[in-house]
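Scroll down for the structure; my scribbles are underneath it.
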Amino acid sequence: MEIRKKYFADERNDDLKEIGQSRQRSDALGHVKGITPFYADRAIPGLLHIRMVRSPHHHARILGIDASRAERHPGVRRVITARDVPHNVYTVLSLINIGPEDEPVLAFDKVRWQGEPIVCIVADSERAAYEAAQLVQIAYEELPAVFDVEEALKPGAPLVNEYHGQNYYRYDSGESRKVILGDVEKGFAEADFILEQRYQASPIEQAPTETTGCVVVPDQNNRFTCYTGTQAVFFTLDNSSVILQVPGQQLHFVGGTAGGGFGGKVDCTTEPIAILASMLTGRPVSYIYNRYEEMQISSPRAAERIYLKDGVMKDGRIVARQVRCYVDSGAYSRHTPYGTQKAAAHFPGPYTIPNVRIDCYCVYTNRTPSSAMRGFGVTIGDFALEVQMDKLARLIGMDPLEFRFVNAYRDGDMKAHHQPTEGAALIECMQEAAEWADWPVDPRCMAMSSREPRRQP
Amino acid sequence: MTRKRGRGVAAVNYPTGMNLGGDPTQALVHSTPTGNFMVTVSSVDLGQGMKQILRQICAETLGVPSERVVVDTADSDTGPHCMGTFASRGTHRAGNAVIAAAREARGVMLEVAAEMLEVSTDDLETDGAGNIHVVGAPAKAVSVTDTALAAHFQKGRSISGRGMFLVPRSYPSPVDGAMKPATCYAHACTVAEVEVDVETGEVDVISLKNVYEIGRALNPRMVEQQLVGGAWMGISHAIYETTEPYYPQRDHRGVDFNEYLMPGPGNLPRTEVVVLERPAPDGPYGGKGPGEMCANAPIPAIANAIFDAVGVRIDTMPFTPEKILRALRGLEA
Amino acid sequence: MAKIPLHFILNGEERAEFVDSGATLLRLLRDKTGDLTAKSGCLQGTCGTCTVLVDGAPRLSCITLAEDCDGADVETVAGLAAHGQLHPLQHAVMEHFAAQCGFCTPGMLMAAKALFLTNPRPSREDVVEALSGNICRCTGYEPIIQAVLSAAQVMSASGPGAA
Ligand code: FES
Ligand code: FES
């Protein structure tokens, strides 16, 4: 890796003693000795193990649960159902007023995705827990399911989550988070060319090598210590405290060292139930996702479908961009209404476009609830935007990199969400790339600067 | 010739910190009697190396060597609140909180040293090697250790500080979406070179040239770790990964590492990284969050390179051999 | 459940434990011996985080039966650093910044050590082959490959038998 100091040198003080130095990581020695303490790396005598009984159906009414055989199975200490959970709703970001309380910790009346947890088995060994989980009998009435974000929005589509009353999250701006700048229709009317395209991405799993989970140990003074790989210690502690209806001071969270996260460990799904199991049994309890659960049960990056419509001039200027983005939240919200809003703030990309209309929809379907992942709300949008840029350039017969220079945002340019651009550096990144990759562009592009105001056409 | 080469470009930006702000982080810093410094936070290190970065940030601000700083993180009994490690916020938010705490601690340290040297605090500077001395007179000095000892045992002072960083919450307008989603953005431009096998539809990424603008490379080797690993993840997203290959159909699913595909050590392109630094005015020493953004630009760059190579557009991620073959067949028809 | 008596050597020390029939070597190590260096990333033989050496050969301890290790010589990362000296592989991983979260690191180190035992001067292809059963989600592999290659160089420079 090289650092090219010639850019923005006047904005930097390069004369620092610690900053900018490639010091060895403080955790490197622990890593190579294998002694970095991950949440499962504690020898705890008498540890109990959790296995979840999960829905085999995408959408079904629960008619009855019979766990009596599981309860009698040797080694089973406790069977937990929705009735045992004091406040049986995930509170996600309700602490800062984002996101609704639309998801039970354990399902009771309905299941809305394949894999939704219903019954929790707590047993002496993993084996006993697995065996007992097979013995739980649940009667279902299957319901029609919907898997496509646009199908889900059609009238008559099966209702995924009654909490919302419709298959989308209702923002204060209506069925979508809207961002509007200028007049997009006027822009299209002026444009030399118009291009409308559809993009899509499937869900993606964070797949950290360490799976999601935690180990809970009852402490003295009726406190519970939770060793966890969570990405957000207090967020998880506070949510657990609400779900369990116990004061926060009874909970002690120890974490800070995770075997990868990539956004997959912000959902607070294992901690509340493991703490509850520990409270109910008085024993230390571990709840660790197996690899199947990590892949199919833990929230993935949301699938998205994006429609981009652009109006472009022969000289390369994009004069209008319209975005319709459907984010597949799965059966519950988790962090997806937030991520969808982040997508709305990110479009139309790092380009200055006078007329913009953005509608981002957070849509409920009968699949695994999606949530955060590296690039949350942005990664898929960038894929769509940057492929579209390539197509537009070729449409008007311009070099794709030059086309981006023409439209690249600069300091002071008004963004679609009505904020002036600050600290832009896209032009310089492209100049460096052009030079380095030997991708010749017009000298005028190489003379541009993010700091120089754009000349009005 | 069944293998065709092509190259493509993509340019992106990425916001640092939780969208719309409202995501606080706190830090505490205190010295031990012998002048070592403890940073107490509740932020999480996912492997990105936050513990080390906070250590260097604290050391820089205090003016002591980083070996003398220990970062104690994520014990809810001792660490003050942090919203969490996500949204590229760790270094930015926690870094700023540590700077604030370390500044306050440095203030006390210099006051004690000033009393010991009988000068004014304004006349003092740190040498970054464990000493405090009078500006322009390096011989008139006291060590950080002696200063801490004096603070503890003679002056009755606590060399400590509290730091808090909060970007105030912005609320989008329901009418036109006017909002302030972030205070600073990182940038990237990737040029990807691929080879597509027109008989099998398989894509080999030959090289990635990535230019990343990240505000400030606080620790260059660690930045490189993030950027190289992130670029790898971008390739993986582009041509391999998904839990539902036939989305929105739900019937095929990757359930383990045999079925959920990622590139292994045997199929790596030449990945090169260049870093630019335009410091963020509100970033810790100018730093922005580079960890998420680095996976984003390679994906469309690869898509565009595939088009350049074989003339088909794959507008659905991931770009599997099946999709490419179907598109090539469509081209022939 | 019947308990099976087991004698084995762990990082040069003799051990005796009782294990359940069907228990894995990974469980034996983590639950009985207190050696927590082998990680459980999948428990199905697909990620390599649990790699240890059994009689000098790399084994996925999550799918190795403990009872099959009676009399065996088992090595984990805990035994890599001899007499307080880091193994050249450990040095190299640090120097090359080849660990981020560190969860895959113990398995990578043991897979590489196993390679050195049979092939002290591996090519890049040999290293890739030896690591191909080990998943890393953080680094993009290149730094790990570089670290293993450079450790091989250091070790062959310091003479045979250094592994
Ligand atoms: S835990 Fe053994 S291979 Fe994954
Ligand atoms: S360093 Fe995190 S999995 Fe390899």
Side-chain angles (χ1 to χ4, degrees), chain A residues 1 22-47 49 74-75 124-128 130 204-213 215 229 231 256-265 286 288-295 373-374, chain C residues 1 20 22-24 27 29-50 52 62 76-81 84 86-110 134-139 147 151:
Chain A
M1 182 183 93
S22 289
R23 304 264 185 255
Q24 183 54 268
R25 297 171 61 115
S26 52
D27 53 5
L29 192 60
H31 286 353
V32 299
K33 289 176 139 186
I35 56 171
T36 296
F38 298 100
Y39 71 80
D41 290 342
R42 283 167 184 92
I44 295 164
L47 190 62
H49 302 267
D124 288 341
S125 67
E126 287 164 73
R127 179 172 180 164
Y130 268 99
I204 295 174
E205 163 58 32
Q206 299 83 1
T209 46
E210 174 202 58
T211 61
T212 302
V215 176
Q231 292 181 227
T257 302
F262 311 107
K265 295 174 181 169
S286 84
I288 300 177
Y289 276 2
N290 61 24
R291 187 45 66 180
Y292 174 89
E293 288 173 308
E294 191 64 39
M295 290 293 183
M373 187 177 177
R374 190 180 208 165
Chain C
M1 203 181 293
D20 292 333
T24 63
R27 288 266 73 95
L29 289 171
R30 290 184 62 91
D31 298 350
K32 302 269 176 145
T33 74
D35 183 338
L36 297 163
T37 58
K39 306 297 172 201
S40 52
C42 72
L43 300 176
Q44 45 188 195
T46 59
C47 76
T49 59
C50 65
V52 300
C62 74
T76 70
V77 163
L80 251 193
L86 288 184
H87 188 277
L89 271 166
Q90 292 171 306
H91 270 300
V93 165
M94 289 180 74
E95 258 165 44
H96 288 262
F97 281 69
Q100 289 187 38
C101 78
F103 200 79
C104 71
T105 312
M108 292 283 181
L109 287 167
M110 295 320 281
N134 292 63
I135 286 180
C136 176
R137 188 62 164 157
C138 303
T139 64

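These figures come from a predicted structure and were not determined experimentally. Just so it is clear, the values below take in all heavy atoms, side chains as well, and ignore hydrogens, waters and symmetry mates.
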Point to revise | Which atoms of A:Q206 approach chain C - backbone, side chain, both or neither, heavy atom under 4.5 Å | key: backbone

Exercise for review: Report yes or no: does A:R25 contribute a side-chain atom to a donor-acceptor pair with the main-chain N or O of C:Q100 at less than 3.5 Å?
Suggested key: yes

Exercise for review: Using non-hydrogen atoms and a 4.5 Å limit, figure out which bit of C:A99 sits close to chain A: side chain, backbone, both or neither.
Suggested key: both

Check your understanding: Tell me, side chain or backbone of C:L86 under 4.5 Å from chain A's heavy atoms, or both, or neither?
Key -> side chain

Point to revise | A:Y289 portion near chain C, given a 4.5 angstrom heavy-atom threshold | key: neither

Exercise for review: Select one option (side chain, backbone, both, neither) describing which atoms of C:C47 are under 4.5 Å from chain A's heavy atoms.
Suggested key: neither

**Study point:** Side chains of A:V32 and C:H87 in contact at under 4.5 Å (non-hydrogen atoms)
**Key:** no

Study note, to complete from the structure: So, the part of C:L109 with a heavy atom under 4.5 Å from chain A: the answer is side chain

Point to revise | Within-4.5 Å side-chain heavy-atom neighbours: C:K39 and A:D41 | key: yes

**Study point:** Between CZ on residue A:F262 and SG on residue C:C101, distance to nearest 0.5 Å
**Key:** 6.5 Å

Review point. Less than 4.5 Å apart, any side-chain heavy atom of A:L47 and any of C:D31?
Key: no

Exercise for review: Go through the steps to decide whether C:M94 and A:H31 satisfy the test side-chain contact (heavy atoms from CB on, under 4.5 Å), and finish with yes or no.
Suggested key: CA-CA 9 Å; C:M94 289 180 74; A:H31 286 353; over 6 Å; no

